[in-house]
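Read through the structure below, which is laid out as structure tokens, and then see the notes.
Note that the coordinates shown come from a computational prediction; the quantities given were computed from them, not determined experimentally. Numbers for residues simply follow the sequence, beginning at 1.
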Amino acid sequence: MKSILLALAVFLLSPVVAAAFGYSLSRTLVPYITLAAGVFMALVFWYIFDGHSGEATGQSGRNQLLQEVSALNHHAMVSLTDRDARLFHVNDKLLEVSGFTAEDLLGQSTSVLYAEEDKHQFAGIRAGLDRGIPWTGETRMRCKSGKTIWTQATILPRLDSEGHLIGTVSIRTDVTTAKINAQQNDLFTTLHKLWDEVYMLDPETLAFSYMNEAALARVGWEAGEVKTKTLWDDCKDLDEAKFRARIEPLLTGEVDQITYADDIDGVPYNNRIQLITTYSGEKQLVAVLRDASEQAEVERVKAELLATISHELRTPMTSIKGAMGLLLSNAAGELPEKARSMLSIAYRNSDRLVMIINDILDIEKIAAGQMVFEMNTMPLSLVIDESIAANEQFANRFDVTVEKQGVDEAAHASYDFGRTLQVLTNLLSNAAKFSPVGSKVIVRVEQVGQSYRISVQDFGAGIPEEAQGRIFERFTQVKQDKSHRGVQGTGLGLNISKVIMEQQSGGIGMVSQEGVGSTFFVEFPVAEVNDSLQDQPAEIAS
């Protein structure tokens with residue numbers, strides 16, 4: 001019988017052996033391997049346990065059991081446990097694959113072989129074995145080095161004559177290579193036809209392990225050559241120290257991905273690099289390169305069009321708005337009430353058009369790096385007072401009052417007065433628009449660490465949690481309910497404010513809770529003040 005079982009072992013486990021020596025296995029073979037291993041193990045257990053359910057549980061019984069499973073030593077990983085799930089035998093194959101010594105394992109709970117994240121699986125299997133139920137399936141086995149391997153396992157309870165659990169026999173086969181090959185086949189099939197160039201390489205040696213068709217077409221290599229090449233074969237002028245410094249935050253876990261722009265052979269590329277862990281526990285860098293030449297041309301044409309439209313529109317719109325303002329102030333005489341009502345609507349719409357044009361021009365300046373800042377050290381109370389005064393009439397339209405609290409006149413920072421006024425105006429107008437009728441908006445200044453924080457708090461509906469993560473992105477607008485009576489904006493104001501604050505070495509942020517309200521804040525580094533600066537703010541603000 002043992003010779004028959006050995007023959008079956010060689011036949012049924014041959015795909016696993018082949019995979020271990022580097023032969024590629026398709027995903028269709030994985031179920032075959034699993035079934036084969038299961039059939040083989042079932043036959044083994046039938047042989048071992050047929051007629052032995054009531055055998056002795058002492059040392060003589062253990063010796064007989066060890067003799068019966070010894071035929072498996074060269075073909076599978078075998079472990080035996082007592083009634084308390086403690087290991088009293090592990091064969092050489094298990095020690096060879098796992099890297100443990102017998103001294104490491106004997107007397108330990110069999111859970112020591114389970115990956116940390118699979119401890120719950122051990123508990124579930126054990127519960128079934130306690131009821132006399134065998135278990136067959138895939139488990140991840142922890143090796144001494146810390147890596148994990150995939151195994152196809154069959155675990156059978158050993159019962160005494162009264163049906164009580166006296167121990168278990170576990171037989172495992174390593175199916176890691178088959179799973180890795182199946183995973184890689186799926187991954188490479190997905191990546192191979194992408195338009196973007198995809199590269200996989202070792203983070204230590206920078207040797208390539210994979211390139212998709214787009215990458216192979218650019219470098220002019222055959223697929224079989226990839227694993228003989230390194231990053232220097234593609235980028236001959238590569239500064240290794242600079243590249244390794246760039247990927248260091250990935251390797252240390254500080255960031256999930258790195259993005260940057262680069263020119264390759266005169267072509268602009270947008271590059272993204274990520275670090276992944278394969279099934280076998282190996283680290284791989286995945287670099288995705290996207291040809292940005294078409295995108296750059298589209299951006300150039302769009303920028304030129306927006307600039308032309310904005311400049312051509314702003315001058316006449318400013319004149320139209322000014323003329324309507326004069327008419328509303330009775331510069332040309334008293335207006336009939338109906339005419340005044342219609343003119344007021346037109347004036348408000350022209351105001352919104354001018355705001356849109358100004359936002360577009362600011363975005364253009366930001367993109368071109370032409371936004372100019374005149375930094376001066378002065379009290380933050382200056383720009384706060386000016387912004388409240390400038391937005392008072394706007395807030396009154398919504399029956400909202402702006403209240404200043406805790407503004408320390410001694411709080412100084414270095415900032416551009418006009419640009420900071422633009423930021424606070426945006427925050428105050430947003431707060432007024434989203435506040436309930438008759439409520440108030442509170443402006444505060446407080447020191448947080450080495451920064452002064454100006455916060456603008458409203459008591460409106462708050463921002464939905466799903467929108468908070470992208471609130472400072474371009475064209476982001478919070479969905480408004482039907483009862484909202486605010487003025488629709490461009491979705492650019494907060495993004496522009498973010499850039500303005502970053503250019504001033506400051507920051508911007510927010511906290512919000514639906515049904516409670518929102519608080520937007522900006523922060524400036526605390527500035528040292530000397531006597532020569534005391535009179536400067538008044539001149540700047542005038």
Side-chain angles (χ1 to χ4, degrees), residues 1-2 5 8-9 12-13 16 30-58 61-73 75-91 93-94 97-98 105-142 148-176 178-179:
M1 174 59 75
K2 291 184 179 179
L5 290 173
L8 282 170
L12 294 173
L13 297 179
V16 179
V30 175
Y32 165 74
I33 295 169
T34 301
L35 177 63
V39 171
F40 167 60
M41 291 177 184
L43 288 171
V44 169
F45 287 132
W46 170 80
Y47 169 71
I48 292 174
F49 291 101
D50 184 38
H52 299 283
S53 61
E55 65 182 352
T57 60
R62 287 187 178 184
N63 290 338
Q64 181 180 353
L65 186 62
L66 292 176
Q67 291 176 2
E68 292 174 333
V69 300
S70 62
L72 298 172
N73 280 338
H75 306 286
M77 295 171 276
V78 180
S79 61
L80 306 178
T81 69
D82 60 19
R83 68 175 70 251
D84 298 316
R86 292 191 301 264
L87 293 160
F88 68 80
H89 173 75
V90 287
N91 74 343
K93 186 70 174 178
L94 189 149
V97 173
S98 69
L105 298 178
L106 295 181
Q108 299 292 323
S109 168
T110 190
S111 65
V112 72
L113 294 173
Y114 285 74
E116 191 62 36
E117 56 269 37
D118 292 344
K119 296 291 187 181
H120 66 282
Q121 187 184 35
F122 165 76
I125 294 172
R126 180 68 184 181
L129 295 172
D130 284 337
R131 299 193 302 272
I133 303 173
W135 187 90
T136 298
E138 288 184 349
T139 64
R140 284 185 292 185
M141 190 173 80
R142 184 176 71 88
T148 57
I149 63 172
W150 283 94
T151 68
Q152 175 65 32
T154 296
I155 306 173
L156 199 72
R158 296 170 49 231
L159 306 176
D160 61 18
S161 58
E162 297 180 358
H164 298 139
L165 184 69
I166 60 173
T168 64
V169 178
S170 302
I171 299 182
R172 296 177 173 87
T173 54
D174 186 352
V175 294
T176 306
K179 290 188 73 71

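Residues Ser109 and Leu87 come closest through the heavy atom pair O-CD1, 4.4 Å. Between Pro157 and Pro134 the shortest heavy-atom distance is CD-CA, 3.8 Å.
Looking at heavy atoms from C-beta onward, Leu165 lies in side-chain contact with Leu159 at the 4.5 angstrom threshold. Taking the side chain as every heavy atom from C-beta outward, Trp135 and Thr168 never approach each other to under 4.5 Å. Using a 4.5 Å heavy-atom threshold, the side chains of Ile166 and Arg83 count as touching. Inter-residue side-chain proximity for Arg140 and Gln121 is flagged as unmet; no heavy-atom pair is nearer than 4.5 Å.
The line from OG1 of Thr110 to CG of Asp82 is 10.5 Å long, rounded to the nearest 0.5 Å. For the atom pair Ile155 CD1 and Ile125 CD1, the distance stands at 4.5 Å (nearest 0.5 Å). To the nearest 0.5 Å, atom OG of residue Ser170 and atom CG of residue Leu156 are 9.0 Å apart. Between the OG1 atom in Thr81 and the CZ atom in Arg126 there is a gap of 6.0 Å [rounded to 0.5 Å]. Considering CE of Met77 and CG of Leu113, their distance stands at 9.5 Å, rounded to 0.5 Å. In this structure, CG on Leu105 lies 9.0 Å from OG on Ser79, to the nearest 0.5 angstrom.
For Thr176 (side chain) and Trp150 (main-chain N/O), a donor-acceptor pair under 3.5 Å exists by modelled atom type. Remark: side-chain polar atoms of Arg142 are paired, donor with acceptor, to backbone N or O of Val112 under 3.5 angstrom. Remark: the backbone N or O of Ile171 is not paired with any side-chain donor or acceptor of Thr154 at under 3.5 angstrom. Asp84 places no side-chain N or O within donor-acceptor distance of the main-chain N or O of Arg86, the cut-off being under 3.5 Å. Using modelled atom types, no side-chain atom of Asp118 and backbone atom of Met141 make a donor-acceptor pair closer than 3.5 Å. Formation of a donor-acceptor pair under 3.5 Å by the Lys119 side chain with backbone atoms of Ser111 is found in this model.
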